[in-house]
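To keep things clear, I will list the structure first and then write my remarks on it.
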Amino acid sequence: MLKRWNLLVFSVLLILGMLLMLGGCSGTKNETANNPDYFYSQVQLGMAKSQVESALGVTPEQIDDTFVYTDEQTGFGVQISYDVSDLVVSKILYHENDSEVMGLSDASVTEDQMASITEGMPYEEVKGILGSEGTEMIQMTNPVDPNNPIVMMIWFNDEQTGYYITFLGHQGTVKSVKFWK
């Protein structure tokens with residue numbers, strides 16, 4: 001009788017252990033898919049519309065000349081403009097409520113820092129002045145230099161004040177700076 005009880009306890013523990021291990025494995029995949037910028041990060045400039053739709057696996061909502069692909073689990077997505085050949089020419093990190101996008105940035109910045117940020121300054125210097133990584137929210141093809149896209153990044157405080165900084169190139173050089181209050 002004791003042997004049977006030990007075997008039963010061992011079997012239950014083994015099954016629970018396997019469930020925990022399998023649950024942990026699937027959690028890692030879900031964490032990646034549940035990132036607010038997951039859809040945005042899956043899309044690259046120059047991708048064909050068919051590739052985007054295959055990668056994201058959702059039907060977009062068309063708003064004027066753009067297509068919004070939304071992740072039902074997070075409410076975040078990507079708003080895309082295509083050229084006449086159905087290639088991505090711009091992407092915007094999307095949420096129905098703009099303040100949710102601003103909330104992805106956890107910066108602590110002040111308007112006084114703006115005087116230190118100048119056109120042509122590299123991203124690394126901006127990051128040093130503002131004290132953290134920026135959150136990329138827009139990327140679009142640069143008609144003048146296709147190898148250096150136009151990228152807008154934000155550094156926003158909890159009370160939704162902060163910086164919109166446009167760069168030439170991914171983490172490239174500053175083109176323009178705006179403090180939003």
Side-chain angles (χ1 to χ4, degrees), residues 31-47 49 51-52 55-56 58 60-61 63-71 73-83 87-181:
E31 287 170 16
T32 301
N34 287 330
N35 283 337
D37 67 346
Y38 181 74
F39 273 26
Y40 182 87
S41 67
Q42 297 304 299
V43 176
Q44 304 304 317
L45 297 178
M47 274 179 91
K49 186 176 184 183
Q51 290 174 302
V52 170
L56 301 181
V58 297
E61 174 186 358
I63 300 175
D64 297 321
D65 293 334
T66 68
F67 295 83
V68 177
Y69 300 83
T70 305
D71 180 347
Q73 293 178 340
T74 65
F76 284 89
V78 60
Q79 185 171 355
I80 298 174
S81 294
Y82 295 100
D83 66 11
L87 300 178
V88 175
V89 292
S90 74
K91 64 179 187 170
I92 301 171
L93 182 59
Y94 175 84
H95 193 280
E96 179 177 58
N97 181 352
D98 290 338
S99 64
E100 293 293 323
V101 173
M102 304 314 164
L104 295 176
S105 176
D106 61 353
S108 180
V109 295
T110 67
E111 190 173 6
D112 294 339
Q113 293 166 303
M114 190 163 148
S116 301
I117 302 170
T118 58
E119 186 174 342
M121 181 178 281
Y123 172 80
E124 289 300 319
E125 282 186 53
V126 173
K127 185 174 85 169
I129 291 167
L130 299 180
S132 65
E133 294 281 344
T135 300
E136 184 177 311
M137 66 177 284
I138 299 174
Q139 190 176 121
M140 58 192 293
T141 56
N142 181 343
V144 177
D145 183 359
N147 294 323
N148 284 308
I150 298 166
V151 177
M152 181 180 286
M153 300 184 80
I154 59 170
W155 282 261
F156 264 70
N157 299 313
D158 290 341
E159 74 279 357
Q160 296 186 356
T161 61
Y163 286 95
Y164 290 100
I165 303 179
T166 304
F167 293 89
L168 294 179
H170 180 70
Q171 296 187 355
T173 58
V174 173
K175 181 63 179 159
S176 67
V177 180
K178 173 152 179 62
F179 189 81
W180 178 264
K181 54 183 172 175

[atom1]-[atom2] distance between [X] and [Y], expressed to the nearest 0.5 angstrom:
X      : Y      : atom1 : atom2 : value
Asn157 : Thr110 : CG    : OG1   : 8.5 Å
Asn147 : Leu168 : CG    : CG    : 12.5 Å
Ile92  : Ser81  : CD1   : OG    : 6.5 Å
Trp155 : Glu133 : CH2   : CD    : 8.0 Å
Met152 : Phe167 : CE    : CZ    : 10.5 Å

Is the shortest side-chain heavy-atom distance between [X] and [Y] below 4.5 Å?
X      : Y      : result
Thr161 : Phe156 : no
Asp37  : Phe76  : no
Leu130 : Ile165 : yes
Gln113 : Phe179 : no
Trp180 : Met102 : no

Glu136 side chain to Tyr40 side chain, donor-acceptor N/O pair below 3.5 angstrom: yes

For [Y], does its backbone N or O pair with a side-chain atom of [X] as donor and acceptor, under 3.5 Å?
X      : Y      : answer
Lys175 : Ile150 : no
Asn142 : Val144 : yes
Asp71  : Gln73  : yes

Do other residues, nucleotides or ligands put more than 12 heavy atoms under 6.0 Å from [X] [atom1]?
X      : atom1 : value
Asn97  : CG    : yes
Lys49  : NZ    : yes
Asp158 : CG    : no

Criterion side-chain contact (heavy atoms from CB on, under 4.5 Å) on Thr74 and Tyr38, from CA distance to verdict: CA-CA 9 Å; Thr74 65; Tyr38 181 74; over 6 Å; no

So which atom in [X] and which in [Y] form the shortest heavy-atom distance, rounded to 0.1 Å?
X      : Y      : answer
Lys91  : Val43  : NZ-O, 2.6 Å
Ser116 : Met121 : O-CE, 3.0 Å
Tyr94  : Val78  : CB-N, 3.9 Å

